[in-house]
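Chain letters run A, B, ... following the sequence lines, proteins first, then strands; residues in each count from 1.
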Amino acid sequence: MRNYIIKRLLLGVIVLMGVVVITFFLARVIPSNPAAQWVGPRATQEQIDKATIELGLDQPLYIQFTKYLTDLFKGNLGFSLRTKQPIVNELKTYLPPTIELVIMSTFIAVLVGIPLGLNSAKRKDKALDHFCRFFSVGAVSLPTFWVALFLQLIFFRALNLLPLGGQIDAKLKLIYQIPNYTGFLFLDSLISGNTIIIKDVYRHMLLPAITLSLYPVGLVARMTRSALLEILSEDYIKAARSYGIHEQKVLWLYALKNSLGTTVTVLALSTGYTLVNTFLVEAIFSWPGVGSYIAGAVVSLDYPAIIGVTLFSAFTYIILNLFADIIIALDPRVRV
Amino acid sequence: MNKKLSVFLAIVLILSILAGCGNNNTTQNTPTQEPLDIAYYAYNSEPILNWDPSVMFSNGIIILNNTYETLLRFYPDTKEFEHVLATNYEKSEDGMVWTFQLRKGVTFHDGTPFTADAVKFSIERTLEIGQGASYIWDPVEEINVIDDYTVEFRLSYAAPLDQIASSPYAAFIMSPAIKDYPSDWFEAGNEAGTGPYSLENNSMGDEVILTKFNDYWKGWDGEHFDKIIIKKIPETSSRRQMVEKGEADITLQLTPEDIEALKNNDSVKIYVEPSFTNLIAFFNTEKAPLNDINVRQALSYAFPYKDVVDYAAGGYASQSIGAIPKGHWGRGENLFQYSLNLEKAKALLQESGIQQNELKLLLTYMSGDEAERKAAELYKAELSKIGVELEIRAMPWESQWEMAMDPLPENRQDIFIMYWWPDTSNPYSWLYSLFRTEESILFNMSYYSNENFDQLIDLGYEKSGIDIEEAENLFIEAQSILIDEAPAIFIMDKEDVWVTSSSFSGFKYNPSYPNVVFFYDTYRK
Amino acid sequence: MNNLYKSIMPKIKELKTNIYLLKRNRLTRIAYYLVLFLLLLSVIIPIILPVEQHVYQSTNPSEKLLPPSAKYPFGTDELGRDLFKKVLLGTRISLQTALSAVGIALIIGVPLGAMAGYFGGFIDEIIMRFTDIFLGFPPLLLAIAVAAFLGPSLQNAMIAISISWWPWYTRIVRGQSVSLKERQFVKAAKAIGTPSYKIIMKHIVPNSIAPVIVQASMDIGGVILTIASLSFLGLGAQAPVPEWGLMVSTSRNYFLNAWWYSIFPGLAIFITVLAFNLLGDGLREILDPKTRNN
């Protein structure tokens, strides 16, 4: 097992390095004139020349790569073409709202997805199972951005129950002066204990979180179902049943517990999906997160920003998957 | 039990979601301070990306015109100047020497008193950096401080310095103390002006919060806002809803459909204001067959002016007459206007030896602009009827511009659509930037060059500060050349439609300062 | 060629059986016919309704944003064009782009997988670590980044998708190829001195193609969704091309007054992707030996 973990870690490092190489290629090798792209078209020849030297574009490729790598290690992702601010600072500003959203929708996914998958496995080929199959395939077939508009039409336009977008009413935020404890608005408002603010922030969060949760709900339900089906056909379950242990206990205690490995993997996977889905959804909800940031960067071709977000998201995804694999490996039931 | 549990979970979930719904605000929390009067401007793009008042040449005017002031402010409807930081000014007969008396008792936000040195410092700094709209000060040869409250400008050629000093860009007066601040002081988001509001908080590219400057020279008697929020809300429908629900106080750039829907709504006020923004389509006159005047005229006759005015702009525009928009001096009311005439267009194309389905053109416009996109699609439909294929490409402004500046004319677009608005209130602002011969390409997207035209407008500019009527005639004569040679289609003069909440009062739009709300004049009622 | 034919014939028979099995499940049967119908639409519609005439020239702004009616079943868009026709014409664009993208991904992925499995050792290691790296990106992310750097157009979106999709096929083909390598006919070919590239092209690829084709057909739904997403972000089709994702994106400015503008193109995406995914799901069920006997 230890060998497996070491191997898995090594692979993780290789993949991380590979992702860095790919983004390096995107940023430096594909464009015909990366220096001009880096400083933006309004630049003078002088600025371009300066950038050529700064980026080391006059150097051989391997030296450029080394520099790119050391910059990354120092946490230097370059400067945004639009705002001229360091990308790292921008990510720090835009990350907390996105993280809150991703956590919230993953929470919904677990809350809905696991019971759905469990019941579906229990009643295989019954109506509920068919519904579950349709729902989970349906959920991954929905264009997220369209769901966002659809929910806005219903909950805002038709029913007028929830706000159209934003993270908080900007005037409320100024009036009540929420202290910045953690940088996470929802958490801060909870700590402040101001019910008006908590409610406002929560209401703003609901629609985007539900929109984002659909995809993982489908994924979690489906994986839970297939994992359970496999486990339910195992001998020890059959044995437990034959001993007359209550069916619910079999299902929840033995079977579900043993399918947790799968669920952990699925959650890691779906968190990565959700993170990228925020790119499509945040802008619609005027949510001030990384998703809106990259959607804006894509429209204005802010290349350093695109690279920055790409690197960040890929790293998060790889590390999540790595954790999932290691947690599973540490599970004594799994024979590697 | 399992069934019960899942039902229970479902109920908990639904309840917790519903708890978020509903609008009752029955809570006993009180604000931490006395109630503030806050104004909220929902803006369609980044409110500001460059805090340096010498350099900023874009959206940032909506902020900087509230934190900084200029010597004068121009009112195009009366053609008069309001004295802001200057109390009076006079010019010499030949328009070469201008003397400004300055206001006493004004302080910058950093506490520095405002004097003639600050004026000299600000404008020299702007000229020295030489970016953005700094070229407006080009006529200035030297600036002399006569005494603490008098400053004299000596020019190298006659120019309307009052118009220059009231420009929305590059004419801001800043505290001379900034020369001792670190070089990235502005970059980090700071300001040092004399305006009514000072910067409280700024998240770059997203939200700016201004707060009233207690020592503002006009004082704070009467009704004013304490704080101003200016926030980027790119989604049109969100901006509309925010104003409709009273969350935001003022916004612009809604779709004509939204404005139509809001017309009979008592919770908002709608202001339809002339703007000095016009939409122009530039032909690449350096590329065959667009180097042929007949072809350009043909393409000008194929443009659906009326549909574009009525539907792309929702009727909040009028077809342009020449390059100068409605309401601005220098507009030639009697100049020729092209109109949609496909027969004529076809005949002109044939005359130039262009066959059906032979001509393929590429049009670029700025991605995200609905009116430009609609205009382009309507144009494509008409061109397609006379056998011309139009490819439409949405590009970020930077890329659109970069393509237009390609060294080889063949690699550039055929038709370039963009808006233009003035940097100073002078026709030269259009005619010079857009059509005067350029050594290296900047904004002359037709790559147009005509010596006769150049001479006319240069002369017109020099006369502007001395004899405005003569200047006007020269500018109109120059525009008649543009209409004959058709280097561009003058599509429409836009109107700006502002939507405000019903309690937002005191707003009066000044089209010389595009998109700017002077918040000091506004209040809640 | 003959060889290829021989090796493919039994697969076709197998396919027929599989289609029969597929249709046994009601949901899958519906999906199956729906997919056939969509494919048919995408071939016929552009012939009946040439896009030039029915979209590009058909602006009629005095009838803009009309709600659904007998004349305009899906209503009209902001320039008065018939949304029903636009949505129908979008079928071709989505299916064609998706099939091409998967096709390119197969062209890259299959030979690489065959080589990895056949040669093994160092080559295998290199190729497979490469696929690991590409799979290290969350789906959609790499496509977004590549499309942004190539510049916005439908064609570039297609290339971007291929670049992020090929590793899946490499993995499958490699697995097949590893077992094929040990089979008698491959060993025989090797023994008589057939060059490696010929063995790969003649024996390995044809015999490992079936599962990869199945996987590819299951992927079509996801690819269509990705194309729509890229267009929605402004990295795919350009106006006035009637692409569904682009239509939903444009509709954002109008949807609060004109719900039909967002709803119908979005439904078209949903139904198409759902049909392909249900079919793929059905395929998976019947091909999975664990569930097959049920």
Closest-packed option against chain C by number of heavy-atom pairs under 4.5 Å, given Ala312(B), Pro304(B), Ser367(B), Ser384(B): Ser384(B)
- prompt: Does CZ in Phe130(C) sit with more than 12 non-hydrogen atoms of other residues, nucleotides or ligands closer than 6.0 Å?
  reply: no
- request: Indicate yes or no: does Glu52(C) engage Lys380(B) in a salt bridge with an N to O separation below 4.0 Å.
  value: no
- prompt: Can you say whether Glu391(B) sits under 4.5 Å from chain C via the side chain, the backbone, both, or neither, judging by heavy atoms?
  reply: neither
task: Step through the shown structure and confirm whether more than 12 heavy atoms of other residues, nucleotides or ligands are within 6.0 Å of NZ on Lys269(B).
output: yes
Structural part of Ala261(B) lying under 4.5 Å from a heavy atom of chain C: side chain
message: Could you tell me if the side chain of Ser62(C) sits less than 4.5 Å from the side chain of Tyr311(B), heavy atoms only?
response: yes
task: Mark yes when over 12 heavy atoms from residues, nucleotides or ligands other than Glu358(B) sit less than 6.0 Å from its CD; otherwise mark no.
output: yes
message: So does Ala239(C) get a backbone contact from the side chain of Glu377(B), meaning a donor-acceptor N/O pair under 3.5 Å?
response: no
- request: Answer yes when Glu370(B) and Arg252(C) have at least one side-chain N-carboxylate O distance shorter than 4.0 Å, and no when they do not.
  value: no
statement: What one should report as the nearest heavy-atom pair of Tyr56(C) and Ala381(B) is O-CB, 3.3 Å
- prompt: For Trp260(C), does the CH2 atom sit with more than 12 other heavy atoms under 6.0 Å from it, leaving out its own atoms?
  reply: yes
- prompt: Below 4.5 Å, heavy atoms only, C-beta onward: do Pro61(C) and Asp310(B) meet side chain to side chain?
  reply: no
- request: Quickly, which of Arg240(B), Glu260(B), Glu257(B) forms a side-chain hydrogen bond (donor to acceptor under 3.5 Å, both in side chains) with Asn257(C)? Name it, please.
  value: Arg240(B)
- prompt: To the nearest 0.5 Å, how far apart are CG in Asn253(C) and CG in Leu254(B)?
  reply: 10.0 Å
field: Closest-packed option against chain C by number of heavy-atom pairs under 4.5 Å, given Gln241(B), Arg393(B), Lys385(B), Arg373(B)
entry: Arg373(B)
- prompt: Which distance, rounded to the nearest 0.5 Å, do you find between the CG of Asp307(B) and the CG of Leu79(C)?
  reply: 9.0 Å
query: Given that the side chain runs from C-beta out, which part of Gln238(C) has a heavy atom under 4.5 Å from chain B: side chain, backbone, both or neither?
result: side chain
